[in-house]
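Worksheet: the structure to be examined is printed underneath.
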2 protein chains.
Amino acid sequence: MPRWESDAQGRLERAALELFETQGFERTSVAQIARAAGLAERSFYRYFPDKREVLFTGNELEAHLVAQVEAVGPEVTPFEALLTALGTADEVFRSREFLLRRVRVIAASPALAERDLIKLADIAGALARALERRGVESGEARFVIDVAISISRRATSRWLADPDATFSELIAQAAAELREAVAPRAPVR
Amino acid sequence: MPRWESDAQGRLERAALELFETQGFERTSVAQIARAAGLAERSFYRYFPDKREVLFTGNELEAHLVAQVEAVGPEVTPFEALLTALGTADEVFRSREFLLRRVRVIAASPALAERDLIKLADIAGALARALERRGVESGEARFVIDVAISISRRATSRWLADPDATFSELIAQAAAELREAVAPRAPVR
DNA sequence: TCGATGACAGCAGATGCTGTCATCACATGG
DNA sequence: CCATGTGATGACAGCATCTGCTGTCATCGA
């Protein structure tokens, strides 16, 4: 919390999102972002270790998911624990409009797409540690988490396109779709 | 096929892997790699667009998987098509020892880990296009592919640890594990 | 033999990122 | 109301990645 100039970090984030939208990520220099936020280039790096990180602040999602996983009782399957955790993930989403802007900017830049994947991997790591604390073997934990993340991506993509659906419904729907897809012998007709 | 100095690209790859192993990725400069391979820094960028790419040449895996997916008949489920494609993926793996060195170097550097994830995402994109050509809807294709990749990671991790197992067996085993994990109600006892 | 092509080196420059040090705004205690 | 400390900020310098351009030389084709 800055002492006399308020919310420098927020100003940098907003300026960066704006500039990335209009000029693209690569064609926006750090100096430009800083100037637009009324700061020097050097100060940008006091708030973010990295030009890309300006779009990836906060750990709320990770913290939320880990807390949810740790909250359910020991009789629950790892997979079910993850699904119920994901079911309430929309609590930490910002507005759909904000998410959409962000998704578009990220999709437009390979460098940002990489960072996005790394962030997901970080969350997966945190969840893996949480599951291991429940006694799940490491490799199995990773596996179940990867699958849960796949479900989450499916649900999120639908959620961005469909303003009316509940996120937890979409999670359940994706899980059902998965069970169908992996069923040993899908009777074609 | 170079005309008077042979295999400059291969020399750069080997020098880079060596240097990354001994010094780490960040502490190795492009100039150093080039010198070790007997070239100028500028020439490195003729062969690789990017310092990281030196460990990620070739599309054999992607080409193999796409070809396999396109080879199976239309009656086969997308999920099954992906599994059979993955079952023969070890044909394009190099030696286990080489893979292990590579995996270790990549795991030791966040920057390389990012690039690894992007490469996987590229493969996922290519597979999605292949499935769409079979008439699978885009979102569903992505979803099934994400799940198949999760299976593949599980199998690969086991394969690196267990020299005796067949890759296709490990794929089948992971698929079975998945079916069990997502089963509606796992009777605990 | 001569012109085209491909492989390479060297140089200059933009940008990302880091270290260092001075400076400034404010809070506090006197 | 002022002195002093603390932490945020800025100015400056420096290194590395990556790019564009130019020049040089070996080889190839006619």
Side-chain angles (χ1 to χ4, degrees), chain A residues 1-57 105-106 108-116 118-119, chain B residues 1-57 105-106 108-116 118-119:
Chain A
M1 34 200 101
R3 258 189 314 196
W4 61 87
E5 288 277 12
S6 96
D7 198 23
Q9 174 161 333
R11 270 168 17 226
L12 285 169
E13 287 173 14
R14 286 187 290 275
L17 184 57
E18 281 273 335
L19 289 167
F20 292 167
E21 280 177 326
T22 60
Q23 309 181 351
F25 173 78
E26 339 272 349
R27 277 192 303 262
T28 304
S29 78
V30 174
Q32 203 180 355
I33 301 171
R35 250 185 297 122
L39 295 179
E41 175 180 355
R42 190 64 184 86
S43 299
F44 177 94
Y45 290 103
R46 295 217 159 76
Y47 292 99
F48 306 98
D50 196 287
K51 179 179 169 187
R52 311 166 179 183
E53 278 289 325
V54 73
L55 287 187
F56 295 93
T57 3
V105 169
I106 290 175
S109 154
L112 290 174
E114 286 189 40
R115 183 55 52 99
D116 198 32
I118 277 281
K119 285 287 167 180
Chain B
M1 36 214 93
R3 255 188 315 198
W4 66 82
E5 287 280 9
S6 95
D7 197 24
Q9 175 160 332
R11 271 166 18 223
L12 285 170
E13 288 173 14
R14 285 187 290 276
L17 184 56
E18 280 272 335
L19 288 168
F20 292 167
E21 280 178 325
T22 59
Q23 309 181 349
F25 173 79
E26 338 272 351
R27 277 191 302 263
T28 304
S29 80
V30 173
Q32 202 179 355
I33 301 172
R35 250 186 297 121
L39 295 178
E41 175 181 353
R42 188 66 184 87
S43 298
F44 177 93
Y45 291 102
R46 281 173 206 290
Y47 293 99
F48 307 97
D50 195 286
K51 180 179 169 187
R52 311 166 180 183
E53 277 290 325
V54 73
L55 286 187
F56 295 93
T57 7
V105 169
I106 290 175
S109 155
L112 290 175
E114 286 189 41
R115 182 55 52 99
D116 197 33
I118 277 282
K119 285 287 168 177

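Throughout, a chain's letter reflects where its sequence line sits, starting with A, and its residues are numbered from 1. From a predicted model like this one, the values you see are computed outputs, not experimental measurements.
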> Less than 4.5 Å apart, any side-chain heavy atom of B:Val105 and any of B:Phe25?
Replying inline: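 Not touching, per the 4.5 Å side-chain cut-off.
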
[X] has an atom [atom1]; how far is it from atom [atom2] of [N], in whole Å?
| X | N | atom1 | atom2 | answer |
| --- | --- | --- | --- | --- |
| A:Arg35 | D:dG10 | CZ | P | 13 Å |
| A:Arg27 | C:dA14 | CZ | P | 18 Å |
| A:Leu12 | D:dT9 | CG | P | 9 Å |
| A:Gln9 | D:dA8 | CD | P | 12 Å |
| B:Glu53 | D:dC18 | CD | C1' | 14 Å |
| B:Phe44 | D:dA16 | CZ | C1' | 13 Å |
| B:Lys51 | D:dT19 | NZ | P | 14 Å |
| B:Tyr47 | C:dA7 | OH | C1' | 6 Å |

Candidates [options] - which lies nearest the side chain of [X]:
| X | options | result |
| --- | --- | --- |
| B:Ala8 | D:dT17, C:dC8, D:dG10 | C:dC8 |
| B:Arg42 | D:dG10, D:dC21, C:dC17 | D:dC21 |
| B:Asp50 | D:dC18, C:dG16, D:dA16 | D:dC18 |

> Which distance, rounded to the nearest 0.5 Å, do you find between the CD of A:Glu13 and the OG1 of A:Thr57?
Replying inline: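 Going from CD on A:Glu13 over to OG1 on A:Thr57, the span is 3.5 Å.
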
> More 5' along DNA chain C: A:Pro49 or B:Ala40, using each one's nearest nucleotide?
Replying inline: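 It is B:Ala40, whose closest nucleotide lies nearer the 5' terminus.
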
> Taking all non-hydrogen atoms of both residues, which atom of A:Ala37 and which atom of A:Leu12 are closest, and how far apart?
Replying inline: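 Looking at all heavy atoms of both residues, the closest pair is CB-CD2, 3.5 Å.
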
> Between B:Arg27 and B:Gln32, which heavy-atom pair has the shortest distance, and what is it?
Replying inline: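 Looks like O-OE1, 4.0 Å.
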
>> Let's test your reading of the model: under 3.5 Å, does the base of D:dG10 pair with the side chain of A:Arg46 as donor and acceptor?
In response: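 Between D:dG10 and A:Arg46, which were checked side chain against base, a qualifying N/O pair under 3.5 Å is present.
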
> Any Lys/Arg nitrogen of B:Lys51 or B:Glu26 sitting under 4.0 Å from an Asp/Glu carboxylate oxygen of the other?
Replying inline: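 No, no charged N to carboxylate O under 4.0 Å.
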
> Are any of A:Ser43's side-chain N or O atoms less than 4.0 Å away from OP1 or OP2 of D:dG10?
Replying inline: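 For A:Ser43, the contact criterion (side-chain N or O under 4.0 Å from OP1 or OP2 of D:dG10) is met.
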
